[in-house]
Amino acid sequence: MSNFRKTRSRYGTYSTQWDYVQDRFGEKELLPFSISDTDFMIPEGTINVLAESVKRGFFGYTRWNHLDYKKSIQRWFQQEFTCGLEAEWVVYSPSVIYSLSVCMQLLSQAGEKIMTFTPCYDAFFNCISENQRELIAFSLTNHEERFSIDFAALEKVFATERPAIFLLCNPHNPTGRVFSEEELTSLIQLCNQYQVAIISDEIHMDVRRPGKKHLPILTFIDQIDVPVVLLSSASKTFNSPGLGGSYALFPEVALREKFLRVLKGRDGLSSIPYPALLATMDCYNNQKKWVEELNQTIDENLLELKKILAEDPRIHFEIPEATYLGWIDIKELPFSMDDLQTVLVKQEKVAIMKGETYGPEGKDYLRFNLGAPREKIVDGANRLMRAISYLDKK
């Protein structure tokens with residue numbers, strides 16, 4: 001567990017979260033709990049694989065379209081989710097958001113509607129708008145910080161808005177929901193009925209609480225009568241987004257070939273970064289134990305955060321079913337988010353994302369990244385509580 005216990009500096013790595021925290025919060029050298037990467041090194045075995053590749057020194061154009069790469073992804077989905085994939089479904093992509101952008105272009109026309117559950121990952125907003133599509137936001141139902149889907153209301157929106165695509169994020173960012181078999185089956189039925197294509201972003205699939213089982217959308221492939229694509233990456237789990245690389249899973253041959261024509265022909269992205277290739281294969285083939293230790297660490301961090309926040313009964317926080325992101329309800333506090341952020345940044349020197357970043361449903365929330373050693377989590381939570389205490393006394 002040393003990888004998850006020891007605090008190591010990320011300064012000087014050009015880290016978006018650490019070195020460039022000023023870009024989002026206006027101050028340098030804040031303790032950050034912001035964007036969703038972690039403060040953990042990649043697995044030691046993967047470091048050794050990458051170190052050996054550096055020693056060899058060859059970094060030419062690299063092929064992704066081979067069974068070593070595809071079978072590592074197949075293996076992971078079978079091992080972790082009991083989800084069978086065909087090797088030919090696997091396609092490399094530089095990032096999940098790149099895949100989302102291209103799939104929107106292939107599955108809808110400019111001006112058509114994309115529906116998703118909100119609050120949602122903030123990159124979805126820009127991706128949809130910059131592709132000249134219209135966002136249809138469907139708010140998850142919040143009952144005492146447990147988020148669910150009102151399917152009767154959802155069907156009415158399907159019938160009136162007629163979206164071209166449903167963009168699913170499962171596990172859900174920022175609420176941490178792991179959608180159940182019943183929920184996913186009901187959603188698929190609606191998409192079939194109204195002929196709505198499904199794009200499922202499942203990048204948070206590996207970080208879950210004990211007993212919570214993730215069901216990839218392709219588990220239900222025999223029930224789906226519309227175009228469907230699953231987007232994911234090893235990078236969220238293993239903290240390797242700086243290496244580049246993700247993948248998309250296309251069961252439908254025609255859609256897969258269209259994607260490849262854009263990837264290779266239009267955008268010239270036929271070569272995967274060699275380190276990304278090696279890291280994905282090693283992580284999926286050899287690093288299950290590392291993920292178990294990661295999840296144990298996040299579980300402990302969440303319990304620690306909940307204990308600290310419970311000192312103030314006005315703060316409402318439920319441990320999420322998945323992700324390393326805490327979604328903290330502060331609506332009962334008697335001061336504004338702007339006032340709180342000012343004290344957090346200027347006085348406590350801590351950067352915690354305001355929930356409105358993820359849509360209007362998040363205006364009374366903070367999103368707190370728990371992907372770090374326990375010492376940092378306790379420090380950040382205590383700074384938050386001190387900021388609240390300071391404002392109470394003003």
Side-chain angles (χ1 to χ4, degrees), residues 96-97 99-202 215-231 251-252 254-255 258 327 355-365:
V96 164
I97 293 300
S99 297
L100 172 59
S101 179
V102 173
C103 288
M104 279 198 292
Q105 295 163 24
L106 297 176
L107 293 170
S108 65
Q109 301 295 319
E112 289 192 312
K113 297 171 181 177
I114 314 295
M115 183 186 290
T116 196
F117 295 135
T118 51
C120 70
Y121 175 41
D122 53 316
F124 287 176
F125 298 126
N126 288 336
C127 190
I128 291 168
S129 64
E130 291 300 318
N131 275 290
Q132 291 79 53
R133 271 64 172 175
E134 180 183 348
L135 170 67
I136 303 299
F138 185 86
S139 297
L140 291 170
T141 299
N142 182 357
H143 179 69
E144 296 181 349
E145 303 313 309
R146 299 292 185 183
F147 293 84
S148 61
I149 306 164
D150 182 338
F151 277 100
L154 182 62
E155 181 170 7
K156 290 178 181 177
V157 178
F158 268 79
T160 57
E161 298 292 347
R162 296 285 175 168
I165 296 169
F166 192 91
L167 172 53
L168 177 65
C169 182
N170 182 36
H172 187 257
N173 175 9
T175 69
R177 272 301 318 279
V178 178
F179 294 114
S180 68
E181 180 176 2
E182 181 181 3
E183 288 171 317
L184 292 171
T185 300
S186 296
L187 179 61
I188 288 167
Q189 289 172 348
L190 284 177
C191 289
N192 287 342
Q193 179 180 348
Y194 291 94
Q195 286 297 287
V196 178
I198 302 169
I199 302 174
S200 187
D201 173 357
E202 305 191 10
L215 295 169
I217 195 68
L218 297 183
T219 305
F220 307 93
I221 189 62
D222 292 340
Q223 302 175 31
I224 301 174
D225 299 328
V226 294
V228 59
V229 58
L230 188 157
L231 313 179
E252 184 182 309
L255 182 59
K258 288 178 182 178
W327 192 236
E356 197 168 13
T357 302
Y358 310 99
E361 297 92 342
K363 66 182 179 65
D364 296 318
Y365 285 81

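- The salt bridge (Lys or Arg N to Asp or Glu O under 4.0 Å) search around Glu183 returns Arg177, not counting sequence neighbours.
- Under the 3.5 Å distance criterion, the side-chain polar atoms of Ser101 are left unmatched by any main-chain donor or acceptor of Ile97.
- Taking 4.5 Å as the limit, some side-chain heavy atom of Pro216 sits within range of a side-chain heavy atom of Glu202.
- Using a 4.5 Å heavy-atom threshold, the side chains of Thr175 and Pro119 count as touching.
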Open item on the list: Using the rule given for side chain to side chain contact (heavy atoms under 4.5 Å, CB included), can you reason through His172 versus Leu140, listing the C-alpha separation, both sets of side-chain angles and the distance that settles it, and then say yes or no?
Closed with: CA-CA 11 Å; His172 187 257; Leu140 291 170; 3.7 Å; yes
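- Inter-residue side-chain proximity for Val226 and Val196 is flagged as unmet; no heavy-atom pair is nearer than 4.5 Å.
- The minimum heavy-atom distance between Tyr358 and Pro174, with the atom names listed, is CB-CG, 4.1 Å.
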Task: Chi angles and distances behind the side chain to side chain contact (heavy atoms under 4.5 Å, CB included) call for Glu145, Asn142 - done: CA-CA 6 Å; Glu145 303 313 309; Asn142 182 357; 3.6 Å; yes
Task: Trace of the side chain to side chain contact (heavy atoms under 4.5 Å, CB included) decision for Asp201 with Phe124 - done: CA-CA 10 Å; Asp201 173 357; Phe124 287 176; 3.5 Å; yes
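- Among pairs with a residue in residues 157-174, those fulfilling salt bridge (Lys or Arg N to Asp or Glu O under 4.0 Å) read Lys113-Glu161, at least two apart in sequence or across chains.
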Open item on the list: Using the rule given for side chain to side chain contact (heavy atoms under 4.5 Å, CB included), can you reason through Ile217 versus Ile188, listing the C-alpha separation, both sets of side-chain angles and the distance that settles it, and then say yes or no?
Closed with: CA-CA 9 Å; Ile217 195 68; Ile188 288 167; 3.9 Å; yes
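- Taking 4.5 Å as the limit, some side-chain heavy atom of Thr118 sits within range of a side-chain heavy atom of Thr116.
- Under a cut-off of 6.0 angstrom, the local environment of CD in Glu181 is sparse, with at most 12 non-hydrogen atoms contributed by other residues, nucleotides or ligands.
- Taking the six-membered ring for Trp, Phe147 and Phe179 have ring centres at least 6.0 Å apart.
- Counting only heavy atoms from C-beta outward, the side chains of Glu134 and Ile136 approach each other to under 4.5 Å.
- The side chain to side chain donor-acceptor pair (under 3.5 Å) search around Tyr121 returns none, not counting sequence neighbours.
- Taking both residues in full, the closest heavy atoms of Met115 and Pro163 are given as CE-CG, 3.9 Å, listed atom of the first, atom of the second, then distance.
- Scanning all heavy atoms of the two residues, the minimum distance from Ser139 to Glu361 falls at OG-OE2, 2.5 Å.
- Shown here for Leu231 and Val96, the closest heavy-atom pair between the two residues is CD1-O, 3.8 Å.
- Nearest heavy atom pair, residue Ile221 against residue Pro251, reads CD1-CG, 3.7 Å.
- Contact check for Leu190 versus Leu154: side-chain heavy atoms found under the 4.5 Å cut-off.
- Contact detail for Leu184 and Leu168: the closest heavy-atom pair is CD2-CD2, 3.9 Å.
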